[in-house]
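Take a look at the structure below.
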Amino acid sequence: MLALVDANSFYCSAERVFRPDLNGRAVVVLSNNDGCVVSRTSEAKVLGVPMGAPWFQLRDQARRSHWDLTAFSSNYTLYGDMSRRFMSVLAQFVPPEDQSVYSIDESFLDFSKHTHLHPDATALGHTIRDRVRVWTGLPVCVGFGGTQTLAKMANHIAKKQPRWMGVCDLTALAEPALHALLSEVPVGDVWGIGRRLSAQLIDGGISTAADLRAADPKRLRERFSVVVERTVRELQGARCLGWETEPPAKKQIISSRSFGAPLYTADDLMAPVHAHAARAAEKARAQGSVAGRVGVWLTTNPFRPQDPQHTPSRSVALPSPSADTAVLAAWSTALLRSIVRPGYRYVKAGVVLDDLRPHTEHQGSLFDAPRPGRAAQADRVPSRGEEWDAKRAQLMHVLDTANIKWGSGHLGVGWSGIRAKQDWSMKRDMLSPCYTTNWDEVRAVS
DNA sequence: TCTGGGGTCCTAGGACCC
DNA sequence: TCTGGGGTCCTAGGACCC
């Protein structure tokens, strides 16, 4: 028996914890740069606010229609910390190997070895819900099923259908009741079935979760892929998906962002590209990786068809894998200069690190100074190249330590060290305080 | 004026090897 | 007329997720 616990409108709910005046009122949280709606409360949904709505359009409509709608810029520092609290409450219910944190706002719990402790899953679900609510302030729903896909389905039903009171246990239903319930769920709401597959399945006469569950997995594999086959088998109760208790190291790291205002020349673009390279390098170091490949891309604004469009990208295999900010930034800005063309209005840039591997598997370049073969030559005098590497590693360590202590971007190299607000920096006009992570922004109660 | 950012997995096809 | 069999590695593109 697996549970999926998922927070309702997570980002909005995190904001509401410290703004109880907003309970029962329409709230949205916007993407970076105050772009689109990425989280909305049920009250906002009732107003007709679609997911993904651009804020500049929504704001005008809200004004015209005199809506009571509160918007927030994304505050990932707050959401990340609230997520950590939420997950630590869930960690009390099962041993670490039976918790699988799936995203910032949802976690699977495997109770299959602990059913004797919890004979009544629905009661357990309510206990979880109440404890998370009391200890973190977050509202959550709980779904139970025999596989991850079924637990996801149960959670979805608990959220959509109020009669479940936030907890749905599919394992307690007899076959006819289960079939009837799954017949109410559109196939596109099944985990793993997106827009494209959903359209094709409906074409083929499979329009509900119940239809998909009744389908022949082998035939769907022939028609689509092994991914769809696994989804069908999971719906039928066979566990086909892996269980990850801690997030595996990233295979690719991206840092990208839209600019606050468009940029035109390579010189304009140097600072943001340099900053992305620095951020990506920092992420790579944090997981103990080095990158074998680095890439840069730019985009113009696809929503302005009247503008000439240019979305160049280019990547390069590094002579020697690296997570050094200065090295990655130098390659990135060189790539930038090779792809940017005059006369375009660029609105976004990104840096991507690929071919990530553990720094311990460091593969030197043929032309590097020779390296010793570990312990066998431990007493050997280090070469100039090795001394240099060690110094660089120390330098990066100082950089990371300083930025952890004083905040990301506080200490930087070259271009990205300039902290002054610039026109490429992100728009965040409606940012809430970091209530839980910054002493200066903690709520005062008098 | 203004439209997010970050990932994974799978498959097909091309290039290459013996 | 007729042109093998068995592989690997890499990349691009398409699908999905939050």
Side-chain angles (χ1 to χ4, degrees), chain A residues 4 6-7 9-11 28-39 50-61 71-76 79-80 83 101-108 148-149 152 155-156 187-201 220-231 234 240-242 244 247-262 272 276 279-280 283-284 287 292-293 295 297 299-307 313 315 317 345 347-356 423 426-430:
Chain A
L4 178 70
D6 186 320
S9 315
F10 177 59
Y11 297 167
V28 295
V29 171
L30 305 176
S31 60
N32 280 324
N33 237 359
D34 294 343
C36 312
V37 172
V38 291
S39 177
M51 204 59 156
W55 171 239
F56 74 93
Q57 287 171 2
L58 187 61
R59 186 186 48 205
D60 293 345
Q61 161 135 38
F72 289 96
S73 305
S74 303
N75 184 345
Y76 286 103
Y79 312 148
S83 173
V101 175
Y102 179 68
S103 76
I104 193 166
D105 77 326
E106 57 188 308
S107 177
F108 288 102
Q148 289 173 76
T149 304
K152 273 285 231 185
N155 188 287
H156 174 80
V187 71
D189 288 356
V190 175
W191 190 36
I193 306 298
R195 264 208 342 267
R196 303 295 181 109
L197 281 172
S198 165
Q200 295 181 57
L201 286 168
L220 288 189
R221 179 181 186 146
E222 283 162 23
R223 171 88 171 75
F224 300 101
S225 73
V226 66
V227 184
V228 178
E229 178 188 16
R230 284 201 278 254
T231 298
E234 282 253 322
C240 305
L241 303 175
E244 251 141 25
K250 300 269 184 272
K251 298 176 174 179
Q252 177 182 70
I253 288 172
I254 295 175
S255 174
S256 81
R257 219 159 269 351
S258 310
F259 312 132
H276 287 310
R279 177 82 192 103
K283 288 191 203 174
Q287 69 167 28
R293 193 170 191 91
W297 83 87
T299 69
T300 47
N301 188 344
F303 297 100
R304 286 169 57 106
Q306 70 273 27
D307 282 4
S313 70
S315 72
R345 191 174 177 280
V347 296
K348 189 198 269 195
V351 168
V352 55
L353 304 183
D354 264 312
D355 282 357
L356 293 165
D423 49 5
M426 189 167 41
K427 198 159 74 179
R428 301 211 298 178
D429 291 340
M430 294 158 289

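Reminder, nothing fancy here: chain letters follow the sequence lines and each chain counts from 1.
Helical stems involving DNA chain B, defined as 3 or more consecutive Watson-Crick or G-U pairs under 3.5 Å, span B:5-18 with C:5-18.
Along DNA chain B, the nucleotide nearest A/R230 and the nucleotide nearest A/S255 are compared for position; the residue whose nucleotide lies closer to the 5' end is A/S255.
Closest approach to the A/V38 side chain among B/dT8, B/dT1, B/dG4 is made by B/dG4 (side chain taken as heavy atoms from C-beta onward). Side-chain proximity of A/R257 to B/dG6, B/dC9, B/dT3: nearest is B/dG6. Of the listed nucleotides (B/dG5, B/dC2, B/dG6), B/dG6 has the atom at the smallest distance from the side chain of A/I254.
For A/S256 and B/dG6, the shortest distance from a side-chain N or O to OP1 or OP2 is below 4.0 Å. At B/dC2, none of the side-chain N or O atoms of A/N33 fall inside 4.0 Å of OP1 or OP2 (strictly under the cut-off). At B/dT3, none of the side-chain N or O atoms of A/K348 fall inside 4.0 Å of OP1 or OP2 (strictly under the cut-off). Using a 4.0 Å cut-off, some side-chain N or O of A/S258 falls inside it from OP1 or OP2 of B/dG5.
Within the 3.5 Å criterion, the main-chain N or O of A/Y102 finds no donor-acceptor partner in the side chain of A/E244.
Proximity of A/V38 to A/S31: side-chain heavy atoms (C-beta onward) are separated by under 4.5 Å at one or more points. Under the 4.5 Å side-chain criterion, counting only non-hydrogen atoms from C-beta, A/V352 is in contact with A/I254. Put simply, the side chain of A/R257 does not reach to within 4.5 Å of the side chain of A/N33, judged on heavy atoms. Two residues are said to be in side-chain contact when any heavy atoms from C-beta on lie closer than 4.5 Å; A/V29 and A/V37 fail this criterion.
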Letter per nucleotide, 5' to 3', of nucleotides 10-18 of chain C [B base touched, S only sugar-phosphate touched, - untouched; heavy atoms, 4.0 Å]: -----SSSS
